[in-house]
**Student:** 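Structure below; questions to follow.
Throughout, residue positions are numbered sequentially from 1 according to the sequence presented.
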Amino acid sequence: MEKKVKIVIDGREIEAQEGQTLLEVALKEGISIPYFCYHPKLKIIGACRMCIVYNEKTGRLITSCNTRVEDGMIISTQHQLVKNNQRYLLQAFMTRHPLDCPICDKAGECDLQNYGALFGPQRQIVPVSALEKERHYIDWESDFLEYYTNRCVVCYRCTRVCDDINGARALYVEERGFHTNIVPTVRPIDTSSCEMCGLCVHVCPVGAIISKPFKYWTRSWLLKREMTVCNVCPVGCEVQVEYGTGDWRSKEKVYRTKPTGDLEICAKAFFGYDALNKDRLLKPQRYGKEESIGNVINHLAYILKSKGEETAILLSSYLSNEVLNILKEVATRVGAYISSPLTTDFYAFLEGYGDYTPLHLEDIKGADHYVLVGDDITSTAPTLSYYIKGKVYKYGRTYKDAKLKPINLEDLEELPGGGVIMVNTTGMACEDARNLGAKIKRISEEKGYRVLILHRDANYLGVYGIFGGDMLSDIGSIMEEVKEGRIKNLLVFGEDLLDYYQEEDLQEIFRRLENFVVFSPFADGLARWASIAVPMNLYGETDGSFYTLKGLRSSKRFLPWSFDESSFYQELLKSLPQEFKEVKVLRGKNPTLRRHLHIYRSNWITDRSENLTKLYEKNAKAISVAS
């Protein structure tokens with residue numbers, strides 16, 4: 001049972017849980033205390049001293065962030081000693097801080113700026129000249145992150161978030177006192193252990209670390225901000241999307257993506273947001289020209305009603321559960337084949353493993369140890385790696401997983417008992433996946449392991465939950481039927497096919513079709529070859545739910561240009577017959593993924609980001625030079 005203590009803050013009697021800090025209790029009760037270094041998700045270090053309060057029983061000033069509550073405490077946040085010392089500390093912070101708010105990207109959301117306004121005009125309390133104010137300049141040698149030495153208030157949030165949340169340990173503190181600087185462990189930082197998650201930018205309370213792609217583009221107060229669930233990978237992180245609406249304030253586009261207070265984001269969202277602005281397909285097209293939604297629905301309904309049994313639907317695992325359920329009903333009403341790229345690896349693994357009850361992130365916390373199997377898990381679902389704390393074994397390729405300091409295994413039979421096995425099925429060859437699935441099942445039962453089966457696709461668990469293991473045809477078999485002329489119409493969702501087939505091979509296959517329909521967020525890619533192209537939504541554009549590693553999560557549609565896909569699919573369903581037909585299943589052939597995963601290039605959405613492409617190419621060049 002939790003023990004409660006009673007304390008008094010500014011004359012208010014408060015019942016608090018024993019073990020909490022004074023600052024946590026005060027903030028929870030709506031009592032304002034200034035601070036720089038504190039963050040609820042980071043270790044407490046008491047570096048900035050701005051959170052001081054007055055203990056009336058002892059007559060002393062104490063830091064509230066690292067003082068635990070004790071029964072009978074009487075605390076004042078408004079005592080004159082508190083205010084005098086906070087004002088003095090703020091003036092000390094201002095001594096070397098440049099007055100460049102008009103050109104600083106942090107303006108409008110800067111703690112130092114806000115406290116400066118709260119405490120009133122500052123005066124210089126340390127007799128240093130303008131020349132002496134300059135800290136030693138540190139160049140991070142980055143195209144994406146910029147560090148301003150003089151703006152830094154030495155709160156250590158950036159180093160702590162890199163060490164304790166991400167685990168990349170890409171930053172450290174150099175020198176002490178006024179000479180303190182934040183320095184990359186390896187420069188250029190772009191090709192170091194840094195994962196470009198952007199957490200250091202987000203937690204910085206001032207403008208000391210900024211995002212270069214966002215620099216000088218706009219002001220924070222000119223943007224709209226909404227929260228939704230990122231659907232670029234299967235973790236299901238909640239993110240903030242800041243965008244313009246095309247009025248006098250800002251252009252109609254996404255300007256940046258940020259984490260919430262949970263501090264869960266990776267490069268795919270933080271720097272990959274520009275994919276939401278690039279070559280977008282926003283309205284339906286027929287034969288390369290814009291077409292009305294009604295005419296497109298009528299055309300699709302005609303194809304499905306007249307030649308449903310000669311039609312195949314290739315699902316994207318980036319679709320919401322609601323759309324997947326509608327497509328399932330479409331297939332059963334017209335007797336169309338239905339398939340997914342997941343049949344090449346994830347479903348092949350399950351053929352050997354058997355029925356799978358998904359594990360979620362809460363299920364893997366605090367495990368005895370972790371066993372990572374398959375391709376690089378940090379590259380596939382970066383924020384999943386934030387949850388892996390403790391001893392790690394690795395069986396498979398290690399790239400960014402190196403930050404977890406894994407013990408490499410030659411054979412899974414060497415494993416001790418207990419713990420969690422995480423299997424990344426992405427890109428596995430079918431037969432290898434089946435054999436590994438059977439082996440993992442046996443080992444987990446013999447040695448008491450829980451198993452998390454991972455794939456790169458955002459809603460792979462949704463596809464599995466909605467379609468099960470008996471409804472989807474192998475995608476390779478579908479493509480063979482197209483070549484043989486037995487499947488005449490193909491409805492493709494997403495751009496996954498380009499991961500399995502060369503463009504010239506696909507063009508040869510598509511020439512055999514009577515109707516090639518593409519649902520894509522992008523106007524290039526497969527949409528260029530389609531007889532009908534229909535918009536497909538990304539995060540910030542979708543009202544729906546996803547089965548993620550965090551459980552069932554709901555996304556929100558708010559971006560002003562987004563296509564109303566929900567109404568589109570509902571109207572299409574209304575146009576189809578009410579009777580149900582058998583959905584035939586084809587087995588026996590599948591292609592193999594053509595590439596390894598990379599943290600900056602892991603799917604067809606991240607491929608569209610110019611930021612991530614630049615990071616990918618820079619890292620690939622650095623690796624080739626080093627080798």
**Student:** Using atom types as modelled and distance alone, determine if a side-chain donor or acceptor of Y386 lies under 3.5 Å from a backbone N or O of I265.
**Tutor:**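 Between the backbone of I265 and the side chain of Y386 there is a qualifying donor-acceptor contact (under 3.5 Å).
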**Student:** Which residues pass the ring pair (Phe, Tyr, Trp, His ring centres under 6.0 Å) test with F144, sequence neighbours left out?
**Tutor:**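 Per chain and number, F144 pairs via ring pair (Phe, Tyr, Trp, His ring centres under 6.0 Å) with F271.
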**Student:** Say whether N166 and E195, considering side chains only, have a donor N or O and an acceptor N or O under 3.5 Å apart.
**Tutor:**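 Result is yes, a qualifying pair exists.
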**Student:** Can you find a pair of side-chain heavy atoms, one from L506 and one from L498, that are under 4.5 Å apart?
**Tutor:**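 SC-SC contact between L506 and L498 confirmed.
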**Student:** Is it the case that Y393 and N408 place a side-chain donor and acceptor less than 3.5 Å from each other?
**Tutor:**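 On atom types as modelled, these side chains do not qualify, holding no pair under 3.5 Å.
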**Student:** Any salt bridge (Lys or Arg N to Asp or Glu O under 4.0 Å) pairs touching residues 217-235, not counting sequence neighbours?
**Tutor:**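 Output for this query lists R225-E242, E226-K556.
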**Student:** Does anything in residues 33-50 form a side-chain hydrogen bond (donor to acceptor under 3.5 Å, both in side chains)? List the pairs, not counting sequence neighbours.
**Tutor:**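 The answer is none; no pair qualifies.
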**Student:** Applying salt bridge (Lys or Arg N to Asp or Glu O under 4.0 Å), can you list everything that pairs with D457, at least two apart in sequence or on another chain?
**Tutor:**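 Counting only residues at least two positions away or on another chain, D457 forms no salt bridge (Lys or Arg N to Asp or Glu O under 4.0 Å).
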**Student:** Quick check, are the ring centers of F93 and F36 under 6.0 angstrom apart?
**Tutor:**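 Under 6.0 Å, so yes.
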**Student:** Is the count of non-hydrogen atoms from other residues, nucleotides or ligands lying under 6.0 Å from K283 atom NZ greater than 12?
**Tutor:**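 Not buried by this count: 12 neighbours or fewer within 6.0 Å.
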**Student:** Can you find a side-chain donor-acceptor pair between Y387 and E264 that sits under 3.5 Å?
**Tutor:**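 Checked: Y387/E264 side chains pair up, N/O donor to acceptor below 3.5 Å.
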**Student:** Supply the atom-to-atom distance I377 CD1 to I599 CD1, rounded to the nearest 0.5 angstrom.
**Tutor:**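 So the gap between those two atoms works out to 13.0 Å.
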**Student:** Answer yes if the side chains of T380 and N424 hold a donor-acceptor pair under 3.5 Å, and no otherwise.
**Tutor:**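 Yes, N424 and T380 have a side-chain donor paired with an acceptor closer than 3.5 Å.
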**Student:** Grab the two heavy atoms, one from L461 and one from T548, that are nearest each other, plus how far apart they are.
**Tutor:**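 Heavy atoms only, the tightest pair is CD1-O, 4.0 Å.
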**Student:** Distance-only, no hydrogens or angles: does the R553 side chain make a donor-acceptor pair with backbone N or O of G236 under 3.5 Å?
**Tutor:**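 Such a contact is found between R553 side chain and G236 backbone.
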**Student:** Quick one: does any side-chain atom of N619 pair with a main-chain N or O of Y616 as donor and acceptor, under 3.5 Å?
**Tutor:**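 Absent.
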**Student:** Between D345 and H455, do the side chains contain an N or O donor and an N or O acceptor separated by less than 3.5 Å?
**Tutor:**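 Short answer, yes.
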**Student:** A side-chain contact here means heavy atoms from C-beta on lying under 4.5 Å apart; do L223 and S250 qualify?
**Tutor:**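 Touching, per the 4.5 Å side-chain cut-off.
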**Student:** Please check this pair: side chain of K389 against backbone of K365, looking for a donor-acceptor N/O pair closer than 3.5 Å.
**Tutor:**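 Not at all, since once roles are kept as given, no pair shorter than 3.5 Å links the two residues.
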**Student:** Would you call T228 and Q240 a side-chain contact if the rule is heavy atoms closer than 4.5 Å?
**Tutor:**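 No, side chains not in contact.
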**Student:** Is the backbone N or O of G108 less than 3.5 Å from a side-chain atom of Q113, with the two atoms forming a donor-acceptor pair by type?
**Tutor:**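 Answer holds: yes.
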**Student:** Do we see a donor-acceptor contact under 3.5 Å between the side chains of D401 and T378?
**Tutor:**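 Note: D401 and T378 side chains meet the donor-acceptor criterion.
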**Student:** For Y147, enumerate each residue passing the ring pair (Phe, Tyr, Trp, His ring centres under 6.0 Å) test, keeping only those at least two apart in sequence or located in another chain.
**Tutor:**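 Expected list: W140.
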**Student:** Is it the case that R608 places NZ or CZ above or below the six-membered ring of F522, under 6.0 angstrom from the centre and within 45 degrees of the axis?
**Tutor:**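 Relative to the ring axis of F522, which defines the angle, R608 lies inside both limits.
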**Student:** Side-chain donor-acceptor pair under 3.5 Å between W561 and E541, yes or no?
**Tutor:**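 There is such a pair (donor and acceptor under 3.5 Å, judged by atom type) between the side chains of W561 and E541.
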**Student:** When rounded to the nearest 0.5 angstrom, what is the spacing between OH in Y243 and CD in E252?
**Tutor:**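 So the gap between those two atoms works out to 10.5 Å.
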**Student:** Find out whether S317 and S340 are in side-chain contact, i.e. whether some heavy atom of one side chain is under 4.5 Å from a heavy atom of the other.
**Tutor:**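 A side-chain contact under 4.5 Å exists here.
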**Student:** Taking all atoms of both residues into account, what is the closest heavy-atom pair of L281 and A533, and its distance?
**Tutor:**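 Shortest heavy-atom contact: CD2-CB, 3.8 Å.
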**Student:** Kindly compute the distance separating OG1 (T426) from OH (Y460), expressed to the nearest 0.5 Å.
**Tutor:**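 One finds 8.5 Å between OG1 of T426 and OH of Y460.
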**Student:** Nearest 0.5 Å please: distance from the NZ atom of K106 over to the CG atom of D111.
**Tutor:**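 Going from NZ on K106 over to CG on D111, the span is 7.5 Å.
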**Student:** Quick one: do D496 and R456 make a salt bridge, cutoff under 4.0 Å?
**Tutor:**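 The answer is yes: the pair qualifies as a salt bridge.
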**Student:** Inspect the surroundings of OH in Y370 and state if more than 12 heavy atoms from other residues, nucleotides or ligands are less than 6.0 Å away.
**Tutor:**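 For Y370, atom OH is crowded (more than 12 foreign heavy atoms under 6.0 Å).
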**Student:** I want to check something: taking the side chain as every heavy atom from C-beta on, are Y273 and V241 in contact at a cut-off of under 4.5 Å?
**Tutor:**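 They are not in side-chain contact.
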**Student:** Considering residues, nucleotides and ligands other than K251, do more than 12 of their heavy atoms fall under 6.0 Å from its NZ?
**Tutor:**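 For K251, atom NZ is not crowded (no more than 12 foreign heavy atoms under 6.0 Å).
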**Student:** Could you tell me if K253 sits above the aromatic ring of W217, with its cationic atom closer than 6.0 Å to the ring centre and no more than 45 degrees from the axis?
**Tutor:**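 Relative to the ring axis of W217, which defines the angle, K253 lies inside both limits.
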**Student:** Taking all atoms of both residues into account, what is the closest heavy-atom pair of S220 and A107, and its distance?
**Tutor:**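 So the minimum-distance heavy-atom pair works out to OG-O, 3.6 Å.
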**Student:** Would you say the side chains of S609 and D274 form a donor-acceptor pair under 3.5 Å?
**Tutor:**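 Note: S609 and D274 side chains meet the donor-acceptor criterion.
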**Student:** Walk me through it: do Y137 and N150 pass the test side chain to side chain contact (heavy atoms under 4.5 Å, CB included)?
**Tutor:** CA-CA 8 Å; Y137 174 67; N150 270 31; over 6 Å; no
**Student:** For W529, does the CH2 atom have more than 12 heavy-atom neighbours from other residues, nucleotides or ligands under 6.0 Å away?
**Tutor:**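 Yes, CH2 of W529 has more than 12 neighbouring heavy atoms, counting only those of other groups under 6.0 Å.
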**Student:** Tell me which one of I421, V423, V373 satisfies side-chain contact (heavy atoms from CB on, under 4.5 Å) with Y395.
**Tutor:**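 Between Y395 and the candidates, side-chain contact (heavy atoms from CB on, under 4.5 Å) is satisfied uniquely by V373.
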**Student:** Tell me, please, which residues at least two apart from Y399 pass ring pair (Phe, Tyr, Trp, His ring centres under 6.0 Å).
**Tutor:**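 Y399: ring pair (Phe, Tyr, Trp, His ring centres under 6.0 Å) contacts with H598.
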**Student:** Yes or no on salt bridge (charged side-chain N to carboxylate O under 4.0 Å, His left out) for D190 and K618, after CA distance, side-chain angles and deciding distance?
**Tutor:** CA-CA 8 Å; D190 295 357; K618 193 171 184 179; 2.8 Å; yes
**Student:** Is the terminal nitrogen or CZ of R151 (NZ for Lys, CZ for Arg) located under 6.0 angstrom from the six-membered ring centre of Y148 and within 45° of that ring's axis?
**Tutor:**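 Yes, R151 lies over the aromatic ring of Y148.
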**Student:** Can you find a heavy atom in the side chain of H360 that is under 4.5 Å from one in the side chain of L452?
**Tutor:**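 No; the side chains remain at least 4.5 Å from each other.
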**Student:** Using atom types as modelled and distance alone, determine if a side-chain donor or acceptor of S385 lies under 3.5 Å from a backbone N or O of P382.
**Tutor:**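 Yes: the side chain of S385 pairs with the backbone of P382.
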**Student:** Could you state the interatomic distance from CG (N321) to OG (S545), rounded to the nearest 0.5 Å?
**Tutor:**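 So the CG of N321 and the OG of S545 are separated by 4.0 Å.
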**Student:** Between Y172 and P184, is any pair of side-chain heavy atoms under 4.5 Å apart?
**Tutor:**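 No, too far: nothing below the 4.5 Å cut-off.
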**Student:** Can any side-chain N or O of N181 pair as donor or acceptor with the backbone N or O of H136 at less than 3.5 Å?
**Tutor:**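 Judged by distance alone, yes, a pair lies under 3.5 Å.
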**Student:** Nearest 0.5 Å please: distance from the CG atom of D499 over to the OG atom of S602.
**Tutor:**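 The CG atom of D499 sits 9.5 Å away from the OG atom of S602.
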**Student:** Identify whether the distance between the nearest side-chain nitrogen and carboxylate oxygen of D375 and R397 falls below 4.0 Å.
**Tutor:**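 Yes, D375 and R397 are salt-bridged.
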**Student:** So E617 and K614, salt bridge (charged side-chain N to carboxylate O under 4.0 Å, His left out) or not? Walk me through it.
**Tutor:** CA-CA 5 Å; E617 292 173 349; K614 190 172 182 179; over 6 Å; no
**Student:** Taking all atoms of both residues into account, what is the closest heavy-atom pair of C65 and C51, and its distance?
**Tutor:**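 Minimum heavy-atom separation between C65 and C51: N-SG, 3.4 Å.
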**Student:** Sub-3.5 Å donor-acceptor pair from the side chain of T95 to the main-chain atoms of Q91, do we have one?
**Tutor:**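 Yes.
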**Student:** Looking at V232, is its backbone amide N or carbonyl O close enough to the side chain of N603 to form a donor-acceptor pair, meaning the two atoms are under 3.5 Å apart?
**Tutor:**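 The answer is yes, because a donor-acceptor pair under 3.5 Å joins these two groups.
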**Student:** Charged N to carboxylate O under 4.0 angstrom, D607 versus R601?
**Tutor:**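 So D607 pairs with R601 through a salt bridge.
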**Student:** Got L615 and N611 here, is their nearest side-chain heavy-atom distance under 4.5 Å?
**Tutor:**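 Result no, sub-4.5 Å side-chain heavy-atom pair not found.
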**Student:** Checking K268 against F270: charged group under 6.0 Å from the ring centre and within 45 degrees of the axis?
**Tutor:**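 No, cation not above the ring by the 6.0 Å, 45° rule.
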**Student:** Would you say R160's side chain and Y156's backbone share a donor-acceptor pair under 3.5 angstrom?
**Tutor:**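 Indeed, once roles are kept as given, a pair shorter than 3.5 Å links the two residues.
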**Student:** Is the NZ or CZ atom of R256 positioned over F214's six-membered ring, under 6.0 angstrom from the centre and within 45° of the axis?
**Tutor:**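 That pair qualifies as a cation-pi contact.
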